[in-house]
Number of protein chains: 2
Amino acid sequence: MASPTTTSSTASAAPRKRATGNRSEASDPRSRVPRRNDDGRLVRGRKSRARIRQAALELFREKGFDGATLRAIAARAGMGASSIYRHVASKEELLIEELADLQEDAWAQFRNTDERAHSTRQRVNHFLDVQHEMLTRDRDLSLIAMRSTTKPDAAVSRRVLALYDRTIGLLAEILQMGRKNKDLSPNVNVLQAAQALFHVTLGARIAWSNGLVSAEGCRKSIQAGVNILFEGLEK
Amino acid sequence: MASPTTTSSTASAAPRKRATGNRSEASDPRSRVPRRNDDGRLVRGRKSRARIRQAALELFREKGFDGATLRAIAARAGMGASSIYRHVASKEELLIEELADLQEDAWAQFRNTDERAHSTRQRVNHFLDVQHEMLTRDRDLSLIAMRSTTKPDAAVSRRVLALYDRTIGLLAEILQMGRKNKDLSPNVNVLQAAQALFHVTLGARIAWSNGLVSAEGCRKSIQAGVNILFEGLEK
DNA sequence: GAAAAACGGCGAACAGGATCGCATAGCGGC
DNA sequence: GCCGCTATGCGATCCTGTTCGCCGTTTTTC
């Protein structure tokens, strides 16, 4: 791993398609944008998607992500394993869809309970608490999200990264408001600060999802990080 | 993923051994602690390990981690694929071994160039720079290390986590010294601070390894995080 | 120095995610 | 009512990490 020779990427550089691969390109279902938009006619597909999702949800809960076989998910959804790939690009995507929804909920919940009168630090802590609560409900959520980001050329990676970005954006908004209110030093770069905050939570969650600390310990660790970031280390 | 039902873990809960599995337990080579310690007489094994490692190294560089097949590695090392498992518990371990070595080198390099007279912030930046340089030489290094930590019950995960811990420990040492020298506020918790610093670097590296920022951008991002942590956000 | 135990290697097999090629169904246009 | 298009489904198959059971070799033990 020492010299920066050439193609060192996690992705198998070659597309590894079977040589015969001539699935007329335009009709390849794996190009995830449906050509015909679903105006209500494609009922069967939507029902299948719902069934797949439900089955995946249940099995993930019962056996964990890695314990839930695609074939088992498919069976419970009442179809063959390969059919799942008509609706989803990878197994991970099944979980990430869920994560995206829960994120949305968490953000909404924050918006509904946010008090702009509170100090910036309080608001940040509140935001991270809501986020924390959502994520610690299911270990796999953080875990598989993280794992996805180790597959740079998979679509699911970009999806997760986008969620991360959105989270950072929301944090930046809070900080921005705080800076305007003279709650924060005027020369902080809110985006960088938001990133730092987010990364601290991410790191704490690694420890939690590996069972090194309890959910509460994770929360404490996040709070400690927030405090340091706000107060600084220097005297 | 909503309710905290029961067994929701990434690991397939059941050990999934084949029912017949009665590999006399005591003689199972997969229990990675060799019964007999290598005092120099077990030459064949050591040569094999070296060949495997070399082959893996080359192929990872040529094709990337995911692109390098175990069968290919084995072939280049002149043995069957299954034999590799006499020496290594998983493919990931092959890369992590490398990472551990490079870490050691990086830490040594830091020790050799560290100037205790410098400010704590300078020393931290130097430490992280050395670390950064080492890690950005190979994208897979950070990537697969991260991926490993998403498999909590695998040995390789614990190995990586230990490396993380050691890094945090070294950072904490620097901070501790800084606190003694009144370089830092006396009431900072050095361990928490070190964790926060480390997590910021980890987060920046996710962005880098996904191609969102250049190596230099990653470095800048880390530095920005360090600055925020030292100076604090509050005015 | 012989039995016991650990080492190290092999080919077959397994599991599980993903892909292929073909078949069918639903819909709009004519 | 037929055509053509896309969506959806299926079973076989691929690929790859990993495990199994077996066996020859080396080291330890007594």
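Order of the sequence lines fixes the chain letters, A, B, ..., with proteins taken first and strands second; residue numbering starts at 1 for each chain.
At whole-Å resolution of the value, CD1 in B:I73 and P in C:dG9 are 15 Å apart. Distance CD1 (B:I144) to P (D:dG17): 11 Å, rounded to an integer number of Å. In this entry the distance linking CE of B:M79 with P of C:dC7 reads 16 Å, nearest Å. Atom CZ of A:F60 is separated from atom P of C:dG17 by 9 Å (rounded to the nearest Å). The separation between A:L94 atom CG and C:dG17 atom P is 11 Å, rounded to whole Å. One interatomic measurement links the two molecules: CG of A:L95 to P of C:dG17, which rounds to 13 Å at whole-angstrom precision.
The closest donor-acceptor contact from the side chain of B:N210 to the backbone of B:L212 lies at 3.5 Å or more, if one exists at all. In terms of modelled atom types and a separation under 3.5 Å, the side chain of A:K91 and the main chain of A:A68 share a donor-acceptor contact.
Distances were taken from every side-chain heavy atom of B:R86 (C-beta onward) to each of C:dA18, D:dG11, C:dC10; the shortest belongs to C:dC10.
Salt bridge B:E98/B:R61: absent, no basic N to carboxylate O contact under 4.0 Å.
Side-chain N/O atoms of B:S83 and base N/O atoms of C:dG8 include no donor-acceptor pair closer than 3.5 Å. No N or O donor and acceptor, one from the side chain of B:S48 and one from the base of C:dG8, sit under 3.5 Å apart.
Geometrically, B:R219 does not engage B:W208 in a cation-pi contact, judged by NZ or CZ lying under 6.0 Å from the ring centre and within 45° of the ring axis.
Here B:H87 does not reach the OP1 or OP2 of C:dC7: none of its side-chain N or O atoms lies under 4.0 Å away. Within the structure, a side-chain polar atom (N or O) of A:R49 is placed less than 4.0 Å from OP1 or OP2 of D:dT8.
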